[in-house]
Amino acid sequence: MNKHTSYFFTLALVLSAAITSCTKNSEKVTSGDPAPCSAVLYGYSISGASIFPDSAATFGTINLSSATSSSLGSFNNTTYSNQGAFNTSENCYYVFKYFNYGATRTLYKITPSGAVTTITAPAIERMEGLVYDSITNSLYCLKCNNGTPAEVVKISITGTTFSYTTVGTTTRIVRSASPATSTINITTGELYFATMNYSPDGYGIEKFNLATGVATLIASGSDKRIMGLRFNKNDNMLYAIVDNITSTPLTFDFVKITTSGSFSVLSTLPFQVNNEFYSTAFNPCENRYILSTLTDSGWAYRTLHQFNMSGTIVQSDTTSGLYQGMIVTY
């Protein structure tokens with residue numbers, strides 16, 4: 001290697017290290033401003049509000065400017081799958097195939113090019129709130145049991161089958177037609193679950209520590225349904241849609257929740273949200289909360305809304321299909 005080649009080789013290494021360092025440091029946002037990144041929103045589109053598990057669904061990326069989606073792959077599902085997960089280690093999207101009320105034995109794995117792998121479990125279970133933890137490089141979710149607290153389980157995949165291992169339990173029983181939603185603090189690996197039980201227990205928000213296997217109830221009550229819980233790494237706050245189930249007429253709020261469980265109402269929505277047919281995601285690059293749902297009379301209109309952190313709806317669009325299983329990767 002001559003002197004000039006050695007110089008440029010050394011310079012390349014220095015620049016590479018600087019770029020890597022900037023990438024890592026860019027994730028440490030403390031001011032509440034958007035993280036410097038480029039977001040991709042994945043999900044699937046399905047017509048109407050279908051409870052039939054063999055309804056045709058189209059997987060793709062969702063353009064947040066136009067509210068249109070690409071058509072990368074197809075599979076069968078219902079519109080109950082409000083939450084997907086993205087494994088950043090292998091660059092693949094995951095979503096459960098649901099029957100009624102969270103019952104499933106099928107997990108779909110989809111590459112960004114649209115190749116679909118069907119992964120099945122030995123028996124039908126009620127799995128909800130799928131998330132990916134980059135620290136342990138694992139998928140987690142809730143396994144709900146009638147009459148007893150839900151299990152927090154780790155998903156293991158071998159070929160085209162999956163199994164689960166219980167790593168802890170929630171503090172409360174989870175029984176509802178409205179699926180539980182979950183989110184993760186990607187820095188600490190702490191999971192947050194929004195659950196709903198029948199009266200009189202009402203709603204709960206639980207924090208689950210993967211390292212200790214301990215769940216802590218941080219908020220509860222009987223007057224709300226917490227929907228679409230999402231963690232914002234820019235301000236370390238939780239955001240959600242609240243169904244005020246005791247209000248007349250029925251109202252819905254966009255709220256900020258501290259990790260200790262204190263609520264702040266940011267805005268009241270000018271429309272209703274279907275608590276079974278909806279999906280949410282959080283875009284940290286633009287600091288926007290994203291909501292897809294059926295709205296208006298008879299739930300006939302499929303819509304996509306984007307909120308800023310002050311609670312203002314900065315964009316609303318009508319979509320040709322209902323976007324479900326939404327997840328942002330960046």
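Heavy atoms only: backbone and side chains are in, while hydrogens, waters and symmetry mates are out.
In this structure, Y93 has its ring center closer than 6.0 angstrom to the ring center of F59.
Applying the side-chain hydrogen bond (donor to acceptor under 3.5 Å, both in side chains) test to N137 and every residue at least two apart in sequence or in another chain returns Y132. For the ring pair (Phe, Tyr, Trp, His ring centres under 6.0 Å) test, residues two or more places apart in sequence or in another chain that qualify with F86 are Y42.
Checking each of T106, T118, D54 against K97 for a side chain to side chain donor-acceptor pair (under 3.5 Å) leaves exactly one that passes, namely D54.
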Applying ring pair (Phe, Tyr, Trp, His ring centres under 6.0 Å) to Y239 and Y289, what does each step give before you reach the verdict?
CA-CA 8 Å; Y239 291 84; Y289 181 93; 7.1 Å; no
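For the 3.5 Å distance criterion, the side chains of N244 and D223 fail to qualify, holding no donor opposite an acceptor. Side chains of T61 and S70: a donor-acceptor N/O pair is present below 3.5 angstrom, by distance only. There is no side-chain donor-acceptor pair under 3.5 Å between T293 and N274. Judged purely by distance below 3.5 Å, without hydrogens or angles, the side chains of N82 and Q324 never pair a donor atom with an acceptor atom.
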Going by atom type alone, with no hydrogens or angles, which donor-acceptor pairs under 3.5 Å involve a side-chain atom of residues 255-266 and a protein atom two or more places apart or on another chain?
residue, atom, partner, partner atom, Å
T258, OG1, S260, N, 3.4
T258, OG1, S260, OG, 3.0
T258, OG1, G261, N, 3.3
T258, OG1, S262, N, 3.0

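Two different hydrophobic clusters hold I124 and I119 under the rule that ILVMFWY side chains link at heavy-atom gaps under 4.5 Å. F252 and F271 fall within the same hydrophobic cluster, where Ile, Leu, Val, Met, Phe, Trp and Tyr residues are linked whenever their side-chain heavy atoms come under 4.5 Å apart, directly or through other members.
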